[in-house]
**Q** 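Let me begin by handing over the structure; questions about it come next.
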Amino acid sequence: MPCLFCSIIAGEIPCHKVYEDELVIAFLDIGPVSTGHTLVLPKAHAENLEAGSVTDAECLMLAVYAIAPSILKAVGADGYNLGMNHGECAGQDVMHTHLHIMPRTNGVPRSFTKTHPSQDELATTAEKIRAEILKVG
Ligand code: 5GP
Ligand code: ZN
């Protein structure tokens with residue numbers, strides 16, 4: 001069965017992309033636990049972190065470093081949870097390495113329950129995040 005995230009990377013399945021460089025792509029989670037919940041992943045397919053290259057592992061965290069502050073600004077959040085579900089036992093549903101950036105806001109309870117925003121809402125959030133990322137170049 002083709003990999004869902006490889007299909008997204010190839011442009012065969014649409015996504016709300018917020019960032020892309022040579023090795024990494026980031027797009028909004030379709031079932032966010034908070035507004036701005038973003039998935040960051042190496043473009044090269046690997047089932048888990050250690051199945052991929054060290055370079056991809058490094059670039060994943062570099063991308064978090066680069067874009068997380070812009071995500072927080074865009075959605076008015078104060079911090080974030082960074083998560084990786086590694087293996088089925090840990091809740092990994094998509095077997096293509098990815099990190100979850102889950103923005104958090106002071107005074108708002110931390111929920112890990114998925115929500116179901118409309119495509120329009122996701123598009124608006126992605127646009128705000130892209131605009132903030134552009135500001136920092
Ligand atoms: P995992 O459980 O593997 O760590 O996370 C997979 C994530 O991918 C889930 O949070 C889920 O909501 C998200 N997801 C599943 N299908 C799609 C999709 O088609 N598009 C996007 N953008 N996210 C998806
Ligand atoms: Zn893949």
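When a ligand or atom number is given, it counts from 1 through the structure's own listing order.
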**Q** Would you sort out whether Glu22 and Lys43 count as a salt bridge (Lys or Arg N to Asp or Glu O under 4.0 Å), showing the intermediate values?
**A** CA-CA 8 Å; Glu22 199 188 329; Lys43 290 181 177 173; over 6 Å; no
**Q** Classify the contact between Met84 and ligand 1 as side chain, backbone, both or neither, using a heavy-atom distance cut-off of under 4.0 Å.
**A** neither
**Q** Taking the non-hydrogen atoms of Gly91, is any one of them nearer than 4.0 angstrom to ligand 1?
**A** yes
**Q** Determine yes or no for a side-chain-to-main-chain donor-acceptor pair under 3.5 angstrom, with Ser34 supplying the side chain and His37 the backbone.
**A**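 Here the side-chain-to-backbone pair does not exist.
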**Q** Can an N or O of His37 be found at a distance shorter than 3.5 Å from an N or O of ligand 1?
**A** no
**Q** Look only at the side chain of Gln92 and the backbone of Glu47, and say whether a donor-acceptor pair between them is shorter than 3.5 Å.
**A** yes
**Q** Which residue and atom name correspond to the protein heavy atom nearest atom 10 (O) of ligand 1, and how close is it?
**A** Asp29 OD2, 2.5 Å
**Q** Determine whether the aromatic ring centres of His96 and His98 lie less than 6.0 Å apart.
**A** no
**Q** I need the contact type for His16 against ligand 1. Using non-hydrogen atoms and a strict under-4.0 Å cut-off, is it side chain, backbone, both or neither?
**A** neither
**Q** Closer than 4.0 angstrom: is that true for some heavy atom of Ile13 and an atom of ligand 1?
**A**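 Contact check Ile13 vs ligand 1: negative.
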**Q** A side-chain contact here means heavy atoms from C-beta on lying under 4.5 Å apart; do Leu41 and Val24 qualify?
**A** no
**Q** What atoms of ligand 1 come within less than 4.0 Å of a heavy atom belonging to Phe5?
**A** 8 (O)
**Q** For ligand 1, which atoms sit closer than 4.0 Å to a heavy atom of Ile8?
**A** 20 (N)
**Q** What protein heavy atom is closest to atom 16 (N) of ligand 1, reported as residue, atom name and distance in Å?
**A**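 Answer for atom 16 (N) of ligand 1: Leu4 CD2, 3.3 Å.
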**Q** I'd like to know if the side chain of Glu132 and the backbone of Ile129 have a donor-acceptor N/O pair within less than 3.5 Å.
**A** no
**Q** Is ligand 1 less than 4.0 angstrom away from at least one heavy atom of Val33?
**A**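 Not so, Val33 does not reach ligand 1.
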**Q** Report yes if Val94 has an N/O atom closer than 3.5 Å to an N/O atom of ligand 1; otherwise report no.
**A** yes
**Q** Using a strict cut-off of 4.0 Å, indicate which atoms of ligand 1 neighbour a heavy atom of Asp93.
**A**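 Reading through ligand 1 atom by atom, the close ones are 1 (P), 2 (O), 3 (O).
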**Q** Taking only heavy atoms of Asn85, which atoms of ligand 1 are found under 4.0 Å from at least one of them?
**A**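 Taking each heavy atom of Asn85 in turn, ligand 1 has 1 (P), 2 (O), 4 (O) under 4.0 Å.
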**Q** Atoms of ligand 1 less than 4.0 Å from Phe27 heavy atoms?
**A** 22 (N)
**Q** Do any N or O atoms from the side chain of Thr125 and from the backbone of Ala123 form a donor-acceptor pair under 3.5 angstrom?
**A**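 No, Thr125 side chain to Ala123 backbone: no donor-acceptor pair under 3.5 Å.
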**Q** Which of the N/O/S atoms in His45 sits closest to the Zn ion (ligand 2)?
**A**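 Output for this pair reads ND1.
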**Q** Using a distance-only test with no angle check, is there a side-chain donor-acceptor pair under 3.5 angstrom linking His86 and Glu50?
**A** yes
**Q** Got the closest protein heavy atom to atom 22 (N) of ligand 1, with its distance?
**A**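 Closest protein heavy atom to atom 22 (N) of ligand 1: Leu28 O, 2.9 Å.
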**Q** Would you mind naming the N, O or S atom of His96 nearest to the Zn ion (ligand 2)?
**A**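 Considering only N, O and S atoms, His96 comes nearest to the Zn ion (ligand 2) through ND1.
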**Q** Between His98 and ligand 1, find which residue part has any heavy-atom pair under 4.0 Å and reply side chain, backbone, both or neither.
**A** side chain
**Q** Measure the distance from atom 14 (N) of ligand 1 to every protein heavy atom, then report the residue, atom name and distance (to 0.1 Å) of the closest one.
**A** Ile30 CG2, 3.8 Å
**Q** Check whether Asp78 reaches the backbone of Asn106 with its side chain - one donor and one acceptor, N or O, closer than 3.5 Å.
**A**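 Side chain of Asp78 to backbone of Asn106: a pair is present.
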**Q** Same hydrophobic cluster for Phe27 and Ile101, using side-chain heavy-atom links shorter than 4.5 Å among ILVMFWY?
**A**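 No, Phe27 does not connect to Ile101 through the hydrophobic network.
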**Q** Distance under 4.0 Å to a non-hydrogen atom of Lys114: what atoms of ligand 1 satisfy this?
**A** 9 (C), 10 (O), 11 (C), 12 (O)
**Q** Regarding Asn81 and Arg104, do their side chains bring together a donor and an acceptor under 3.5 Å, going by distance alone?
**A** yes
**Q** I'd like to know if the side chain of Thr115 reaches the main chain of Pro117, judged simply by a donor and an acceptor atom lying under 3.5 Å from each other, with no hydrogens or angles considered.
**A**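 It does not hold such a pair.
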